[in-house]
Amino acid sequence: MAIIEQDVLEGVLPDLIALRHTIHSWPDLSGHEMPTANRLLDYLSPFKPEQVHKGLSGCGLAVVFAGNQAGPTTIFSCELDAVPIADRGRVTYRSQVPEAGHMCGHDGHMAAVAGLGVLLGKRRPLRGQVVLLFRPQEETGQGAPVILADPRIVEMNPDYIFGFHNMPGYPLGAVLYRRGLFAWAATDYVFELIGKSSHGGQPEAGRSPAMALSQIIERLENLTAWSGLDPECNDSQAAYAQLGESDHGTTPGIARMRATLRSESDEALKELCRKIDQAVGKIARGHGLQWHGLPENWIPATHSHGQALDLVLACAREAGLHILELDQAQRWSDDFGVLTQHYPGAFIGLGSGSGCGQLHSSDYDFPDEILKSALQLYWRIVTQLNG
Ligand SMILES: [Zn+2]
Ligand SMILES: [Zn+2]
């Protein structure tokens, strides 16, 4: 059976959509995804997977469906976490958790991968094994590196890893691809400026980091004006800042800040970090402040491998899906880049249509219509590689 029968596909979709809505209602933030992982395990257990690996990098989950003959190990991976944004959506299944919501559409990615599990429950692969890998802490970039170091994943030594991200602004269900670089590298740069607080009536007795902080924010927002770096390949923004404490009558003695830095390659991001580090140090010294800064949550650029991508495109064509080649890499990042640094694989986008807002906007809701495209594509990849 090379293709999924329409009635089988139509039959599993309503239940998957219901699963997606439940996950949407009960989002878990990065590092706290165990309820969602358990929900997925409960959902997939009736299909009697050959193996289940729990506790991958904390809350991660791998569900394995194996064939009787030797063959490749094919991983389909998605993210478990939501983002710390209050859900302002109007759907009946909007988030029931304050300040947390699936505004990146990871609920839909999970439903697609779980749907593949349902199909594998109905028909096992002939050879090798198919692994459904649910990764925690994607939004912070902390999950994938730990998962890849887990002996259970190392032992699998996967032959292929596939994943997708829903992408607003592109035709609904269209397969969006790019040869080589798909998404940029990103990191947080976190630093502290240390001066000296004082009574508000005697500010001259202290050393406030206020002016230094404002100069650094200006630098970050006007990166290319002073750094000489190409704005087409680099970006930096202030993401969070704290100056002093909220007490009455005390001048600030400390400032903390988190900036987001992005570049189109890991090497370029390292260079950007070095430039920001130098700039922060110079400004801090100019104001007589102590300081320290470090990159955190490093997410490498995401690349697709040629052969894996060719397979995805051949399967998409066979499924009759709309295929679009992107002329530019995405300026956002995804920790899928960690996976394809280590193993052959491909990462694509699936169009979310227009009119659904942008990812991470407070009313974003994954369009259920694209689940069908995802399943048609994934099932064809399984039958090509694992029979
Ligand atoms: Zn996101
Ligand atoms: Zn995402």
Side-chain angles (χ1 to χ4, degrees), residues 20 23-24 27-33 36-37 40 57 59-61 76-89 95 97 99-114 133-145 147 161-170 175-178 181-188 235 237 239-240 258 260-262 296-304 326 329-340 345-353 356-368 370-371 374:
R20 208 276 293 172
I23 292 172
H24 192 89
D28 297 321
L29 295 179
S30 302
H32 304 277
E33 304 96 335
T36 298
L40 288 159
S57 181
C59 306
L61 173 71
F76 293 86
S77 188
C78 64
E79 321 84 337
L80 283 162
D81 52 350
V83 288
I85 299 172
D87 189 346
R88 308 265 182 236
S95 172
V97 181
E99 303 302 323
H102 272 296
M103 276 71 212
C104 210
H106 296 175
D107 49 346
H109 305 170
M110 287 183 253
V113 174
L133 177 60
F134 300 92
R135 311 191 305 282
Q137 294 179 282
E138 189 283 322
E139 292 287 346
T140 60
Q142 293 170 327
I147 281 191
I161 300 189
F162 298 100
F164 79 90
H165 207 290
N166 71 111
M167 286 175 52
Y170 294 94
V175 171
L176 314 165
Y177 77 98
R178 205 162 181 278
L181 177 69
F182 187 86
W184 283 19
T187 188
D188 288 345
D235 189 21
Q237 291 139 17
Y240 165 84
R258 180 178 291 272
T260 306
L261 314 183
R262 301 180 182 278
E296 257 183 28
N297 303 335
W298 187 280
I299 304 176
T302 299
H303 291 264
S304 288
L326 302 171
Q330 301 304 299
R331 292 171 80 97
W332 44 258
S333 309
D334 196 289
D335 76 351
F336 200 89
V338 180
L339 306 181
T340 50
F347 191 65
I348 56 156
L350 283 183
S352 301
C356 57
Q358 283 304 316
L359 297 176
H360 288 211
S361 60
S362 59
D363 58 352
Y364 190 74
D365 186 36
F366 177 94
D368 289 315
I370 66 179
L371 280 174

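In each ligand, atom 1 is the first atom listed, and ligand 1 is the first ligand listed. Side-chain atoms are counted along with the backbone in the values below, which use heavy atoms only and exclude waters and symmetry mates.
- In this structure, R88 has no salt bridge (charged side-chain N to carboxylate O under 4.0 Å, His left out) partners at least two apart in sequence or on a different chain.
- V97 has its side chain out of reach of L29: every pair of non-hydrogen atoms, C-beta onward, lies at least 4.5 Å apart.
- Closest approach between the Zn ion (ligand 1) and any N/O/S atom of H360 involves NE2.
- Scanning for side chain to side chain donor-acceptor pair (under 3.5 Å) contacts around S30 gives D81, with sequence neighbours left out.
- Looking at S352 and N166, their side chains do bring a donor and an acceptor atom within 3.5 Å of each other.
- Each of H24, H102, E99 was evaluated against D87; a single residue qualifies, H24, per the side chain to side chain contact (heavy atoms under 4.5 Å, CB included) test.
- Around the Zn ion (ligand 2), the protein atoms of type N, O or S that sit closer than 2.8 Å are C104 SG, H106 NE2, H165 NE2.
- Residues satisfying the side chain to side chain contact (heavy atoms under 4.5 Å, CB included) criterion with D235, sequence neighbours excluded, are W184, Q237, R262, R331.
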